[in-house]
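Before any comments, here is the structure.
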Amino acid sequence: MKAFQIAGSFGLDNVKLVELPEPQPGPGQVVVRMRAASLNYRDLVVIKGGYGPRQTLPRIPLSDGAGEIAAVGAGVTRVKVGDRVVGCFAPAWLEGPITQEKVDSALGGFVDGVLAESVLMNAESVLPVPAHLTFPEAATLPCAALTAWNALFVADHICPGTTVLVQGTGGVSLFALQFARMAGARVIVTSSSDHKLARAKELGASAGINYKTTPDWEKEVRKLTEGRGADHVVEVGGAGTFNRSLACVRMGGMISMIGVLAGASGEVRTTQILFRAVRVQGIFVGSRAMFEDMNRAIAANNLHPVVDRTFPFAEAPAALRHLESGAHFGKLVVAI
Ligand SMILES: NC(=O)c1ccc[n+]([C@@H]2O[C@H](COP(=O)([O-])OP(=O)(O)OC[C@H]3O[C@@H](n4cnc5c(N)ncnc54)[C@H](OP(=O)(O)O)[C@@H]3O)[C@@H](O)[C@H]2O)c1
């Protein structure tokens with residue numbers, strides 16, 4: 001079977017197509033004939049060596065994929081050959097609280113990922129694809145969608161009338177937009193592009209702020225919320241945006257700390273957290289139990305993920321470069 005590996009050394013130039021033996025399922029395992037894989041910003045970090053010295057090579061990248069069960073090992077009753085499935089981002093995190101062991105099981109990090117024609121998975125860590133979704137759509141769910149779901153509905157309790165601020169128009173942010181709208185919340189979006197803001201409004205955002213032409217976007221958020229501030233901020237910028245998020249979240253509101261696209265460390269106005277009773281919650285994707293809840297909501301609301309573009313398998317390196325460019329709106333997918 002064909003697969004892409006990061007081989008030799010780190011870097012986008014070292015993602016190569018290779019031929020590997022067809023995997024065979026052991027007890028409790030399944031082989032998934034992958035049909036689509038989706039890209040996350042994390043994949044670029046992994047490929048560039050950002051996971052540090054514990055990361056060994058060669059490594060098959062990407063965490064998120066969907067396909068059909070091609071073979072099942074002894075004792076597997078959860079799925080059968082031919083079932084349409086999507087894999088969990090962290091196969092060891094089925095339920096309960098997060099632990100380091102669960103985090104380390106994440107695909108495409110310290111263990112092989114899904115950018116391959118056939119992938120060995122634990123039967124316990126695959127879920128049925130919601131019936132109304134295609135493979136490319138389902139492949140977008142394991143990381144970006146579940147992270148947004150966890151932030152809005154597990155770590156917080158978004159409901160009708162809540163105001164959610166989402167930063168940018170990448171994978172996590174657009175799922176947060178769609179989920180917040182699904183729950184009857186009002187959504188404000190920031191973006192570097194007026195064109196992307198217009199597209200976000202088509203998805204239901206009530207207001208858009210260009211953070212390039214309006215660098216003090218937090219003041220605009222305050223104006224848009226009659227001075228009250230947003231109830232929930234989906235923080236993907238990190239150090240470069242955090243203090244502005246603090247300035248425009250409402251008193252007692254929540255900032256879900258998800259990404260560090262604008263820097264990993266910097267000065268934090270800690271008194272603002274204290275005196276305004278802001279809740280800051282780190283989010284790490286989510287468990288299989290959360291994934292099941294999310295899929296029920298996606299099916300009940302006929303929600304379709306925003307797939308910006310699907311690349312052929314052979315062009316996976318080009319898809320990664322496209323992600324790096326930041327030109328995308330929502331998710332990029334590789335068909336397999
Ligand atoms: N904690 C977790 O479990 C978890 C899970 C998934 C992702 N993440 C992290 O979350 C972040 C987003 O991931 P993703 O996969 O959604 O990325 P992505 O699809 O590549 O999205 C990137 C988008 O973020 C926006 N952006 C970049 N810099 C920004 C800034 N300074 N202010 C506001 N928006 C900015 C841009 O939107 P515009 O083009 O509209 O400006 C850009 O297109 C990454 O840091 C990733 O590592 C964390």
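Treat the numbers as computed from the prediction; the structure is a model and nothing was measured. Counting from 1, the numbers follow the sequence of the chain as shown. As the structure lists them, so they are numbered: ligands from 1, and atoms in each ligand from 1.
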Sorted by chain and number, sequence neighbours left out, ring-ring contact (aromatic ring centres under 6.0 Å, His included) with Phe329 holds for none
Judged by heavy atoms only, the candidate from Ala144, Cys143, Gly168 nearest atom 25 (C) of ligand 1 is Gly168
Side-chain contact test, heavy atoms from C-beta onward, threshold under 4.5 Å: evaluate it for Glu235 versus Leu165 and give yes or no. no
Atoms of ligand 1 close to Gly259 [distance to a heavy atom under 4.0 angstrom, numbered from 1]: 9 (C), 10 (O), 11 (C), 45 (O)
Have a look at Arg42, Lys196, His328 and point out the one with the heavy atom closest to atom 39 (O) of ligand 1. Lys196
Taking the minimum heavy-atom distance to atom 26 (N) of ligand 1, which of Phe89, Phe175, Tyr211 ranks first? Tyr211
Distance filter under 4.0 Å to Gly326 heavy atoms, resulting ligand 1 atoms: 39 (O), 43 (O)
From the candidates Tyr41, Phe284, Trp217, the one that places a heavy atom nearest atom 14 (P) of ligand 1: Tyr41
Only one of Thr169, Ile209, Val164, Leu203 forms a side-chain contact (heavy atoms from CB on, under 4.5 Å) with Val189, so which one is it? Thr169
Asn122 side, atom CG; Gln29 side, atom CD - distance, nearest 0.5 Å: 6.0 Å
Could you tell me whether Asp308 and Lys331 make a salt bridge, using a distance below 4.0 angstrom between a side-chain N and a carboxylate O? no
Protein heavy atoms near atom 5 (C) of ligand 1, is at least one of them under 4.0 angstrom away? yes
Give the single entry among Thr169, Asp43, Val166 that approaches atom 37 (O) of ligand 1 most closely by any heavy atom. Thr169
Quick test of your reading of the structure: of Val260, Val103, Asn150, Ile283, whose heavy atom lies closest to atom 45 (O) of ligand 1? Val260
Taking 4.0 angstrom as the limit, do Lys223 and Glu220 come out as a salt bridge? yes
I need the contact type for Ala262 against ligand 1. Using non-hydrogen atoms and a strict under-4.0 Å cut-off, is it side chain, backbone, both or neither? side chain
Phe311 vs His322 aromatic rings, parallel, tilted or perpendicular, using cut-offs 30° and 60°? tilted
Option among Val221, Val280, Val249, Leu246 that satisfies the side-chain contact (heavy atoms from CB on, under 4.5 Å) test with Val233: Val249
Closest heavy-atom approach to atom 38 (P) of ligand 1 among Ala90, Ser192, Ser63 is made by Ser192
